Protein chains: 2
Amino acid sequence: MPTILIVDDEQDIRELLAMKLQKEGFETLEAPDGLEGEKMASEHQPDLVVLDLMMPGKDGISVCKSMRKEARTSKIPILMLTARGGMDEKIAGLELGADDYMTKPFSPKELVLRVRNILRRTMAVEGGSVIEVGPFRLDKNNLKFYLNAEEIDLTSTEFKLLHMLIEIPGSTRERDELLEKVWGYSNQTQTRTLDTHIKRLRAKLGEYGACIETVRSVGYRYKESSN
Amino acid sequence: MPTILIVDDEQDIRELLAMKLQKEGFETLEAPDGLEGEKMASEHQPDLVVLDLMMPGKDGISVCKSMRKEARTSKIPILMLTARGGMDEKIAGLELGADDYMTKPFSPKELVLRVRNILRRTMAVEGGSVIEVGPFRLDKNNLKFYLNAEEIDLTSTEFKLLHMLIEIPGSTRERDELLEKVWGYSNQTQTRTLDTHIKRLRAKLGEYGACIETVRSVGYRYKESSN
DNA sequence: GATGGCAGTGACAAACTTGTCACAACGCTA
DNA sequence: TAGCGTTGTGACAAGTTTGTCACTGCCATC
């Protein structure tokens, strides 16, 4: 489950972000200022840093610069936050090595979306075209799926669905999101199709079917079995 | 069509390799010694270098070292060749940044296989999960295929087949290879299945169907249309 | 230009895939 | 624990996909 470090001087914002991200299955760390943020990034090696631009003391730009210079943090993706929508800052941030940029106010949904996009991007580059989580291995190149080294036939719908679910382990995918990405359905389409396919997937995964957790009223999530 | 630089002091070997690689649709360059090899690598920026380890003058190890140091050649993948199967050299080669290693004598088939594997690996990292060639775009993440920005539905078999064909444009894929990779058939299975699927693919590609060339008695190959 | 081998094609039936529905089961809240 | 909304499930039928086959057409070689 990816860990995300939140660096912001306003406690309210930190807590709000942390809550939203935790709801999605991410683990969170918090730092109240730039220096502390740098220290935690280096120590805990989070998978992503959400970094506020405007902070008293060491600001976001400086933190970004420092992180990019230090070997232990140079590759950690950074999502910049700022209150203003100025283009100059955006460009400065991106040039300094931030991976994305978001202006306040933002919706929690947008935050989660951007976080996931960055993680997907960086994980895809690192992991190549094979996703391995727990006993699952999903080979996008050959469209093959393995459970504990045993190949299991998936239909292309099942493949897409499982792909979405394990792409970022632990994060919850909303029904609407799955319906849109896998089926191309527009929001709020009323259908039992997703449920049925989840059932079929679980059946094919046998005892590991339990790894696909239902998140009531929200969607589904992949979670490694605790055995 | 990828270009491959062959660096070997023996003319016979160079020509043999060049012939086999050309037969697969690659373009080839040849250099008779290490220094010349370095120069050509820097100038022509080939997609891969086949590098002999044992050469009079500047040997393969040194060339490899130099190439990795120079910016223009540091990222070009290297396939090392050597007459002996010594583990020490293998390790030395791989540590120096060679991408793969092959001991003589080797079959032309093995050569082509390794070359293709390296290219696939490096191209996959560079290009991410979307393959774009000519008017085709194949999105492995979402299992979608576009022809000139228009989405075209492919069945999963068609997707796999097309993927194999355009993965390394211009290189010929043998019938046996396609049957094995796409269908899991063992070698020399006698079937018209492949032909039928090629027909269906061509039909879906419309006027671009011609991009899939028949290589009589061998297999098929993707080739960009000359318009 | 005959011959043999290889590839293209249309038709077809079997198998598979998929969305829907009705109903059962479940979980949360009052 | 009753009620309500959400999810799980088995069955089913329509649609899609797939491999095979017989036949046609093409190409290279003799």
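First the proteins, then the strands, lettered A, B, ... as listed; each starts at 1. Computed from a predicted structure; not experimentally measured.
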Open item on the list: Go nucleotide by nucleotide along DNA chain C from the 5' end; which of Arg216(A) and Gln190(A) gets its closest nucleotide reached first?
Closed with: Gln190(A)

- [ ] Give a yes or no on whether the backbone of Ile212(A) and the side-chain of Arg202(A) come within a donor-acceptor separation of less than 3.5 Å.
- [x] yes

- [ ] May I ask you to verify if any side-chain N or O of Trp183(A) is less than 4.0 angstrom from the OP1 or OP2 atom of dG19(C)?
- [x] yes

- [ ] Quickly work out the Lys199(A) NZ to dA25(C) C1' distance and round it to whole Å.
- [x] 14 Å

Open item on the list: Check Glu177(B) with Arg116(B), please: is the shortest side-chain N to carboxylate O separation under 4.0 Å?
Closed with: yes

- [ ] Kindly give the heavy-atom pair with the smallest separation between Asp33(A) and Glu36(A), and that separation in Å.
- [x] OD1-N, 2.8 Å

Task: Nearest-nucleotide pick for Asp195(A), side chain only, options being dA7(C), dG10(D), dG8(D) - done: dG8(D)

Open item on the list: Base, sugar-phosphate or nothing for Thr193(B)? Non-hydrogen atoms, less than 4.0 Å.
Closed with: base

- [ ] Please answer whether the main-chain N or O of Ile131(A) pairs with a side-chain N or O of Lys140(A) as donor and acceptor at a distance below 3.5 Å.
- [x] no

Open item on the list: Let's see if you can work this out: which of dT9(C), dT18(D), dT7(D) has an atom nearest to the side-chain heavy atoms of Tyr220(A)?
Closed with: dT7(D)

- [ ] Among the candidates dG10(C), dT18(C), dC26(D), find the nucleotide nearest to the side-chain atoms of Thr196(B).
- [x] dG10(C)

Task: Distance in angstrom units between Glu158(A) CD and dT18(C) P, rounded - done: 6 Å

Task: Rounded distance in Å - CZ (Arg192(A)) to P (dC23(C)) - done: 14 Å

- [ ] Would you please confirm or rule out a distance under 4.0 Å between OP1 or OP2 of dT18(D) and any side-chain N or O of Thr155(B)?
- [x] yes

Open item on the list: Quick check for you: among dC6(C), dT18(D), dT9(D), whose closest atom lies nearest to any side-chain atom of His197(B)?
Closed with: dT18(D)

- [ ] Round to a whole Å and report the spacing from CG of Leu194(A) to P of dT20(C).
- [x] 12 Å

Task: Thr157(A) side-chain N/O to dT18(C) phosphate OP1/OP2 under 4.0 Å - done: yes

- [ ] Return the angle between end axes of the helix from dG1(C)-dC30(D) to dA30(C)-dT1(D), with five pairs used per end and rounding to 10°.
- [x] 40°

Task: 5' precedence on DNA chain C between Thr191(A) and Lys204(A) (nearest-nucleotide basis) - done: Lys204(A)

Task: Candidates Leu53(B), Asp52(B), Val49(B), Val63(B) - the one meeting side-chain contact (heavy atoms from CB on, under 4.5 Å) with Met80(B) - done: Leu53(B)

Open item on the list: Quick one: does any side-chain atom of Arg221(A) pair with a main-chain N or O of Glu213(A) as donor and acceptor, under 3.5 Å?
Closed with: no

TODO: Measure the distance from CG on Leu201(A) to P on dG8(D) and round it to the nearest whole Å.
DONE: 12 Å

Task: Distance, rounded to the nearest Å, where Ile212(A) contributes CD1 and dT7(D) contributes P - done: 15 Å

Task: N/O donor-acceptor pair under 3.5 Å between Arg173(B) side chain and Met164(B) backbone - done: yes

TODO: May I have the distance from Ile198(A) (atom CD1) to dA25(C) (atom C1'), rounded to whole angstrom?
DONE: 18 Å

Open item on the list: Within the structure provided, determine whether Glu27(A) and His44(A) are in side-chain contact (heavy-atom separation under 4.5 Å).
Closed with: no

TODO: Tell whether Arg200(B) reaches the base of dG19(D) with its side chain through a donor-acceptor pair below 3.5 angstrom.
DONE: yes

Task: Phosphate contact (dA7(C) OP1 or OP2) by Arg175(B) side-chain N/O below 4.0 Å - done: yes

Task: Tyr185(B) side-chain proximity, nearest of dG8(D), dT18(C), dT20(D) - done: dT20(D)

Open item on the list: Distance check needed: dT17(D) P versus Leu143(B) CG, whole Å only.
Closed with: 14 Å

